[in-house]
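Whatever order the structure lists ligands and atoms in, that order sets their numbers, starting from 1. Quick caveat, the model's predicted, so the values are computed rather than measured. Keep in mind that the numbers below use all heavy atoms, side chains included, and drop hydrogens, waters and symmetry copies.
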Amino acid sequence: MKYVIGNLKMNLLTPAERERYFESFAKEIKGKKFMDTKVVLCPPAIHMESFVGKLSSKTVQIGAQNVFWEERGSYTGEISASMVKNFGGDFLIVGHSERRKYFSESVEQMKAKASLAIKAGLSMVYCVGESAQERSSGKTHKIIKQQLEDVLGEVPNSKIENIIVAYEPIWAVGSDEIPSSDDVLGAKIIIKKQLVEMFGNGALERIKILYGGSVNSKTVKQICIDPEMDGVLVGRESLIPYEFLKISEIIDDKNR
Ligand code: PGA
């Protein structure tokens with residue numbers, strides 16, 4: 001199974017804009033069949049329930065971009081992993097570089113979110129990746145290994161199917177820079193080695209590894225298909241249903 005996961009970030013600002021998105025998505029997905037690909041949309045929390053109502057289907061599932069690190073209570077403004085699950089969500093993004101950067105998310109916070117997500121029965125998309133500076137000083141390997149150890153270290157082996165790792169080099173997210181196929185393959189090998197170290201050989205069949213960062217229908221072959229990733233995390237292009245579903249079709253097509 002492959003995954004194409006759209007992170008809509010803080011977009012769709014009006015009901016009218018959301019309605020247009022639904023219409024366009026419904027039009028574009030009509031008649032499309034995916035043999036081996038799950039399409040997931042992670043809208044802003046305020047839209048989650050209506051996305052579930054309007055777009056979720058056998059092919060499309062819905063997720064959240066973030067949750068709080070406690071399950072319930074007096075935490076003004078927050079939502080929890082069990083709310084996401086109970087309102088029809090199935091996925092949660094954890095450790096996105098924008099949250100690490102703008103909210104200074106700590107390892108402890110990410111670990112708590114991961115554990116609540118798994119407890120709630122969500123699939124957790126855990127983002128790892130190096131900055132431009134870490135890359136140029138040869139630290140990519142060290143950073144990815146550390147990020148995996150930090151947050152996945154306490155996930156019980158029986159639950160690792162709930163983990164999806166997304167390699168998202170920070171310098172490629174929201175920019176138009178993309179890594180070479182070899183760079184992505186290199187990162188994938190680092191991730192695989194680390195997962196085997198943490199969870200044993202069986203881990204590689206059970207944990208999917210995606211790529212994310214400036215993917216569009218033209219770059220997807222080079223950065224996701226050539227290095228044989230299990231799918232992709234898409235930011236900007238997920239706002240354009242035509243492009244997003246084109247990426248999904250390319251990922252799904254076995255004869256590509
Ligand atoms: P982008 O974002 O596709 O706009 O680079 C990717 C992400 O943030 O996951």
J.: Using a heavy-atom cut-off of under 4.0 Å, does the side chain or the backbone of H96 touch ligand 1, or both, or neither?
T.: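 Side chain only; the backbone of H96 stays clear of ligand 1.
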
J.: Checking a contact table here: which protein heavy atom is nearest atom 9 (O) of ligand 1, and how many Å away?
T.: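 The closest heavy atom on the protein side is E168 OE2, 2.7 Å.
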
J.: Please confirm whether K9 approaches ligand 1 to less than 4.0 Å, judged on its heavy atoms.
T.: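 Yes, that is the case, since the closest heavy atom of the residue is under 4.0 Å from the ligand.
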
J.: Please list the nearest protein heavy atom to atom 4 (O) of ligand 1 with its residue and the distance rounded to 0.1 Å.
T.: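 I find the closest protein heavy atom is R236 NE, 2.7 Å.
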
J.: Kindly write out the residues that satisfy side chain to side chain donor-acceptor pair (under 3.5 Å) with E130, not counting sequence neighbours, or none if the list is empty.
T.: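 So E130 forms a side chain to side chain donor-acceptor pair (under 3.5 Å) with Y167, W171.
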
J.: Report yes or no: does G174 have a heavy atom closer than 4.0 Å to ligand 1?
T.: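 Yes, that is the case, since the closest heavy atom of the residue is under 4.0 Å from the ligand.
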
J.: Distance to the ring centre below 6.0 angstrom and angle to the axis at most 45 degrees; does that hold for R18 and Y21?
T.: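 Judged by the rule (NZ or CZ under 6.0 Å from the ring centre, within 45° of its axis), R18 is not positioned above Y21.
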
J.: Taking NZ in K142 as the centre, count heavy atoms belonging to other residues, nucleotides or ligands within less than 6.0 Å. Is the count above 12?
T.: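 Incorrect, the count does not exceed 12.
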
J.: Which atom names give the shortest non-hydrogen contact between S56 and I62, and what distance separates them?
T.: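 The answer is CB-CG1, 4.0 Å.
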
J.: Any atoms of ligand 1 less than 4.0 Å from a non-hydrogen atom of V173? List them with their elements.
T.: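 Once the distances to V173 are compared, the set is 2 (O), 5 (O), 7 (C), 8 (O).
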
J.: Look at the aromatic rings of F22 and F51 and report parallel, tilted or perpendicular, splitting at 30° and 60°.
T.: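 Aromatic pair F22/F51 classed perpendicular.
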
J.: State the atoms of ligand 1, each with its element, that fall below the 4.0 Å cut-off from a heavy-atom position in L233.
T.: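 Once the distances to L233 are compared, the set is 9 (O).
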
J.: Looking at G213, which atoms of ligand 1 are within less than 4.0 Å of one of its heavy atoms?
T.: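 What qualifies from ligand 1 is 5 (O).
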
J.: Starting from atom 6 (C) of ligand 1, what is the nearest protein heavy atom, named by residue and atom, and what distance separates them?
T.: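 Minimum-distance protein heavy atom for atom 6 (C) of ligand 1 reads G235 N, 3.6 Å.
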
J.: L116 and side-chain contact (heavy atoms from CB on, under 4.5 Å): which single residue from K85, E71, M124, K111 fits?
T.: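 Checked K85, E71, M124, K111 against L116; only one passes side-chain contact (heavy atoms from CB on, under 4.5 Å): E71.
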
J.: Does some side-chain heavy atom of L148 sit less than 4.5 Å from a side-chain heavy atom of D150?
T.: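 D150 does not reach L148 side chain to side chain.
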
